[in-house]
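To start, the structure under review is shown below, and the notes come after it.
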Protein chains: 2
Amino acid sequence: MTETVPRPTLEAVAARAGVSRATVSRVVNGSDGVREPLAERVRQAVDELGYVPNQAARSLVTKRHDAVAVIVAEPETRVFADPFFARQLRGISKELTAHDNQLVLLLTEDRDDHVRVGRYLAGGHVDGALVFSLHIDDPLPELIQRAGLPTVFGGRPDFNGGRGGVSYVDSDNRGGARDAVRHLLGLGRRRVAHITGALDQTSAVDRHDGYRDVMADADPRLVARGDFTPASGERAMRELLGRHPGLDAVFAANDLMAAGALRVLREHGRRVPEDVAVVGFDDMLPIAEQTEPPLTTVRQDIEEMGRLMARLLLRDLDHTGTPEETSGARPDGLILPTTLIRRSSA
Amino acid sequence: MTETVPRPTLEAVAARAGVSRATVSRVVNGSDGVREPLAERVRQAVDELGYVPNQAARSLVTKRHDAVAVIVAEPETRVFADPFFARQLRGISKELTAHDNQLVLLLTEDRDDHVRVGRYLAGGHVDGALVFSLHIDDPLPELIQRAGLPTVFGGRPDFNGGRGGVSYVDSDNRGGARDAVRHLLGLGRRRVAHITGALDQTSAVDRHDGYRDVMADADPRLVARGDFTPASGERAMRELLGRHPGLDAVFAANDLMAAGALRVLREHGRRVPEDVAVVGFDDMLPIAEQTEPPLTTVRQDIEEMGRLMARLLLRDLDHTGTPEETSGARPDGLILPTTLIRRSSA
DNA sequence: GTGAAAGCGCTAACAT
DNA sequence: ATGTTAGCGCTTTCAC
């Protein structure tokens, strides 16, 4: 391996510019109080030498790292079955980059990883954490919260986080579900069934609640339980058809299950949307566009969600913030609106 | 913001154990040469105080960071259209974690990002880089290589990297393509068409080459150009059907395009696989399983690819490596085998 | 406004 | 085998 040339230090820049290290530091960090002619000379020296501050040295004294951890708990590896995760990451990355923060990615698989993550967080390598926890019984969120790091959750967590509540960003799952069902009703459908997601995730619970908001006194047999997988969508659809052959619409808690339902309906000779209208959730491309017929569904702005998570966290970290805005009347949760995307299935 | 209690330092542990800082450092870093009774006392003090080494201080002197950057260039955002990226990341993460390295994720979008990434890499925050560059004309790879950091590429890069070549991990795109086409031939098909991927990516070029290896003297009109998107698959299929109505098989360079081709074939009343057999590439779930009929395709072990990339890089970084194995007869590229997955489309 | 100097927490020679 | 000491490169009082 080629031994890299030692990089220039503050000292070197100072020498070249004929000033003290302190002055260079001030210029580099944009603190005012250095007069223009001097500042310019320093900037030039920085350029000429290609000086880049040593982050380790800086952190050692400032105790800041300009880095945040993104923690993804994926016991079921479901996150990876869809492209959401990547989109969210992109949103986060953009926002972080814009504020010169680094993104440290922590993927957890099992229990061992939890202690590892806990230690890492406690180890003070990062200034804050962005956490995706999919399952309601996941101990990770509380564990992280306890590490005392500023944290923002992706998706509504199920615990209320002791004093002060937790901050999170989520899609309006409940409202989106209501829109979906109302759309079906607007189409003249009356026997609207629902295929739920895995009810150990708040998103599934919220979508189910949205369905019930609108279909308050529907036959409970119009609801079948799925787990977000295509296979579960097929299974649920069969179940539904069995116990309620007269149904004329289905709202599935995600597109994957809706696709499964579509297949089963076709198998049973039901035409979509003529006999049974179908609405999904997520607008997961390329699934939603590729089904037969293309899926009407509820879209969430997943990238924006990521961006907002980062923004919220950075605000917490902003040490320069005016006192009055720090810990002010800040909403704990930020809920992003969803949009109904009309295609041909409903 | 709760002011966190200052964490214990080496000094504190040393005091508590009644030894010098150096001794504690030795114990913490597992270097031998500390006798058992003493070492035990130190470990105990570490536990009691909950001591965690300050990484910034450590890096400052060791010049190591135990962190590697993962750089994903995604000008077309195509990476995010599929779940590959996440899988690969998981493979990388596992390997890195197992060796106590952190994963710093850098997503690049445009030119500005290039200089940012270049600066970051040059800034010496990480010990090495794992790079995904999708497009042949992408300047990023060379730029990174020039930063002088140990680097491993994901997917065969197109430039030969000056002295010594570059190390990378890739699937056996060419071999996989050959297998696909031979499978079609084995089914008795003779007029096997090919829908290429975006030919500014080496994976598409290699798959095309694989097709040509087997179909050396096929009618050139049996090849239509796509760009990996479903729409391009439809377009290419129409084109193919127009100029070569007698074709009896299609090998598409990925599953997304194969799915598009399937739709067009159905539109045209061709039965699959009876009239036209179709093979895809990637085994992208849930697409491949959900098409009508389910897709025969070439699977690559994408997670393993990530894992190997990380392993290769870590080996380069391993300062403790015996001299003889360092820069030994090491293959530049590591090619992973693919597997043909038989479903119903061929 | 600018410089001098102390010290962040750690590792690695070098002593002992 | 253990302790002492000198920095690593930077920010930040504190003088001037």
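The figures here come from the full heavy-atom set of this structure, side chains too, leaving out hydrogens, waters and symmetry mates. Below, chain A is the first sequence line, B the second, and so on; all start at residue 1.
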Handout entry: Covered region of DNA chain C, 5' end to 3' end, by chain B [heavy atoms, under 4.0 Å]
Key = dG9(C) to dA13(C)
Fill in the blank from the handout: Residues passing the side chain to side chain contact (heavy atoms under 4.5 Å, CB included) test with R41(A), sequence neighbours excluded, are V19(A), L38(A)
Completion exercise
Within residues 15-32 of chain A, those residues having any heavy atom closer than 4.0 Å to DNA chain D are R21(A), A22(A), S25(A), R26(A), N29(A)
Fill in the blank from the handout: Rounded to 10°, the angle between the first-five-pair and last-five-pair axes of the helix from dG1(C)-dC16(D) to dT16(C)-dA1(D) is 40°
Practice task
Name all residues meeting the side chain to side chain contact (heavy atoms under 4.5 Å, CB included) criterion together with E304(A); count only those two or more places apart in sequence or in a different chain, and write none if there are none.
Solution key: D301(A), R307(A), L308(A), L336(A)
Completion exercise
Outermost contacting nts on DNA chain D, any atom under 4.0 Å from chain B heavy atoms, listed 5' then 3', are dA1(D) to dG9(D)
Handout entry: Partners passing side chain to side chain contact (heavy atoms under 4.5 Å, CB included) against D100(A) (at least two apart in sequence or in another chain)
Key = none
Problem - All salt bridge (charged side-chain N to carboxylate O under 4.0 Å, His left out) counterparts of K94(A), not counting sequence neighbours - result: E303(A), E109(B)
Fill in the blank from the handout: With S25(A) as partner, the option from V28(A), T23(A), N29(A) fulfilling side chain to side chain contact (heavy atoms under 4.5 Å, CB included) is N29(A)
Practice task
List in chain and number order the residues that pass salt bridge (charged side-chain N to carboxylate O under 4.0 Å, His left out) with D66(B), two or more places apart in sequence or in another chain; answer none if no residue qualifies.
Solution key: R64(B)
Exercise for the section: With a 4.0 Å heavy-atom cut-off, tell me which residues in residues 43-55 of chain B come close to DNA chain D, sorted by residue number. Expected result: none
Handout entry: Side-chain donor or acceptor of T62(A) paired with backbone N/O of R58(A) under 3.5 Å
Key = yes
Practice task
Using a cut-off of 6.0 Å, state whether more than 12 heavy atoms not belonging to D110(A) lie near its atom CG.
Solution key: yes
Practice task
Kindly say whether A14(B) contributes a backbone atom to a donor-acceptor pair with the side chain of S20(B) at under 3.5 angstrom?
Solution key: no
Problem - Side-chain donor/acceptor of S93(B) to backbone N/O of L106(A), under 3.5 Å - result: no
Practice task
Kindly say whether S59(B) contributes a backbone atom to a donor-acceptor pair with the side chain of H65(B) at under 3.5 angstrom?
Solution key: no
Handout entry: Partner set under side chain to side chain contact (heavy atoms under 4.5 Å, CB included) for L143(B), not counting sequence neighbours
Key = H114(B)
Handout entry: Heavy-atom pair with the smallest gap, counting every atom of L317(B) and P150(B)
Key = CD2-CG, 3.7 Å
Fill in the blank from the handout: Residues G155(A) and D170(A): closest non-hydrogen pair is CA-CG, 3.6 Å
Practice task
Return the set of residues passing salt bridge (charged side-chain N to carboxylate O under 4.0 Å, His left out) with R119(A) (not counting sequence neighbours), or none when no residue passes.
Solution key: none
